[in-house]
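Here is the structure we will look at.
The figures that follow rest on heavy atoms only: side chains count, while hydrogens, waters and symmetry mates do not. Residue numbering restarts at 1 for every chain, and letters A, B, ... go by the order of the sequence lines. Note that the structure is a prediction, hence the values are computed from the model and not measured.
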Protein chains: 2
Amino acid sequence: MLSFTEENYLKTLLKLTMDERGKEEAGTNELALHLGVKPATVNDMLKKLKQKKLIQYEKYGKIALTKTGRKAGLEVLRKHRLWETFLYEKLEFSWDEVHQVAEQLEHIQSQKLVDKLDKFLDYPEFDPHGDEIPNAKGEFKYRHKVTLSQMEAGKSCKMVAVKDNSAPFLQYVIEVGLGINNHMKVLSIHPYDEIIQIEVNGKVSSVSKKFADNIFVICEDCMKNKPCKFHCK
Amino acid sequence: MLSFTEENYLKTLLKLTMDERGKEEAGTNELALHLGVKPATVNDMLKKLKQKKLIQYEKYGKIALTKTGRKAGLEVLRKHRLWETFLYEKLEFSWDEVHQVAEQLEHIQSQKLVDKLDKFLDYPEFDPHGDEIPNAKGEFKYRHKVTLSQMEAGKSCKMVAVKDNSAPFLQYVIEVGLGINNHMKVLSIHPYDEIIQIEVNGKVSSVSKKFADNIFVICEDCMKNKPCKFHCK
DNA sequence: TATATAAGTTAGACTAATCTAACAAATTTT
DNA sequence: AAAATTTGTTAGATTAGTCTAACTTATATA
């Protein structure tokens, strides 16, 4: 049985090694930053996780999940996203409120609870932020998503997820008129400060690169199954 | 903010001082027994809870909740029972499975979650075991319930709750054909070993005093609002 | 009332998860 | 390649919650 804390380490490690960057490994500082603890603390835990055969790790080297570790991480992520979906769909929580509560709910230990919740929600594939929900086997739909900042001017795309789950960011997303599955067109990207002009439902907004880095989209050609390297920078 | 452990102490203290016995105080050993820890451990925690003004307590004396402590305990109990109701009504959990999972869920910190869950369940007044669910203000319906072992022969009654929430006991209850809101008649109580004969839906069963001690009922006369002391031993 | 038993307390130790401060290794820059 | 910077490690301390073993106080009983 894994502790609350161990679960968080595995989940974070999984997120760091599964997102768009294609990285397979993570570092001590990076992990510390995401977990909100000091690198020294992470170092102690790495020894424990290694000893439990949940990670591969050598002194001064990079950290990678083992098969067992990955499975455990996927289970936590699955629970997190199912709970987010529950809160959003059944309990009228708003987009920006679900994450904080799901951080707690994801650690409830009961296989039956997860399975029944999944069924109750009718086996959802994506959570309210557009993230893939692993199924009972740990599998999930792969979608070639890129950040809005990677799009080229003139292309259209569909927002599918956000990278930042913090309330202030999500509130800003709503302000701009965006949301999961909303379509938009990239009108221009300024060469000097990378300010991006987008059009959503006929309304034109200007957003920063920082903002665009946190919005995941699928470009129009990808949706039509054309190879992606040609239209995403 | 209270810790997981502190919440458990307050909840247990509340349960020990609110049930049918009319006691207002508890002891160190008693608390240790119910929490599954050693008396020494309880003693340490009592100092902490006293310092936080959640209990009234003097060395070698009895333990009582303060107003603040009682309120906190009621909140945990409310969450526990709401979650039990959710698991039973919405996720198809059986009677004997809900308690263990609710022990974990009761510690989730989110006022909004509790309120929304309460609403989602349509403000239930009793949980699947028949226990009263405190409302948002900490109030709950009072019912004059007695144990089945307190009934007199010849009287009829309605089962409203169980005292023991363990799976083996609850499975036994089902075996006998009993359940919440089932009516039964006490046919006889044997003077030697207190074996009780009851009739449920025309079926006659014999149960031990130990069993009957864990079944809460409301007697027929009480249901008709006649004073209780005349018909319950 | 003297004594036996039950109930409660204390001291000292352990574990998990964290910290700070100092140190070591690896990487990047000039 | 030397210096500077970043990244990672170690040692020692802290806190919460738990334990055991020995002790003290209160209560019940002969």
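For A/K47, whose side chain is taken as the heavy atoms from C-beta onward, the closest listed nucleotide among D/dT10, C/dG8, C/dA26 is D/dT10.
A side-chain donor from one of B/H80 and B/H99 sits under 3.5 Å from a side-chain acceptor of the other. A donor-acceptor contact closer than 3.5 angstrom is absent between the side chains of B/T85 and B/D127.
The CD1 atom of A/I63 sits 10 Å away from the C1' atom of D/dG8 (whole-angstrom rounding). When the P atom of C/dA16 is taken as reference, atom CG of A/L2 falls 13 Å away, rounded to whole Å. Atoms CD (A/Q51) and P (C/dA16) sit 10 Å apart, rounded to a whole Å. If you take CG of B/L46 and C1' of C/dT9, they are 11 Å apart, rounded to a whole angstrom. Rounded to whole Å, atom P of C/dT9 lies 11 Å from atom CG of B/L31.
A/Y88 and A/P128 make their closest contact through CB-CG, 3.5 Å (heavy atoms, listed as atom of the first residue, atom of the second, distance).
The six-membered or imidazole ring of B/F86 lies near that of A/F86, with a centre-to-centre distance under 6.0 Å.
Here B/T28 reaches the OP1 or OP2 of C/dT9: one of its side-chain N or O atoms lies under 4.0 Å away. For C/dA26, neither phosphate oxygen OP1 nor OP2 lies less than 4.0 angstrom from any side-chain nitrogen or oxygen of A/K59. Checking the phosphate oxygens (OP1, OP2) of C/dG8, no side-chain nitrogen or oxygen of B/N43 falls inside 4.0 Å.
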What verdict does the side chain to side chain donor-acceptor pair (under 3.5 Å) test give for B/Q109 and B/E7, after you've listed the backbone C-alpha separation in whole Å, the side-chain angles of each residue and the deciding distance to 0.1 Å?
CA-CA 11 Å; B/Q109 302 291 329; B/E7 286 196 342; 2.9 Å; yes
All N/O pairs under 3.5 Å across the protein-nucleotides 18-21 of chain C interface:
residue	atom	partner	partner atom	Å
C/dC19	OP2	A/K38	N	3.0
C/dC19	OP2	A/T41	OG1	2.4

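Remark: B/K209 does not engage B/D193 in a salt bridge, criterion side-chain N to carboxylate O under 4.0 Å.
Ranked by how close their nearest DNA chain C nucleotide is to the 5' end, A/F4 and A/Y60 are led by A/F4.
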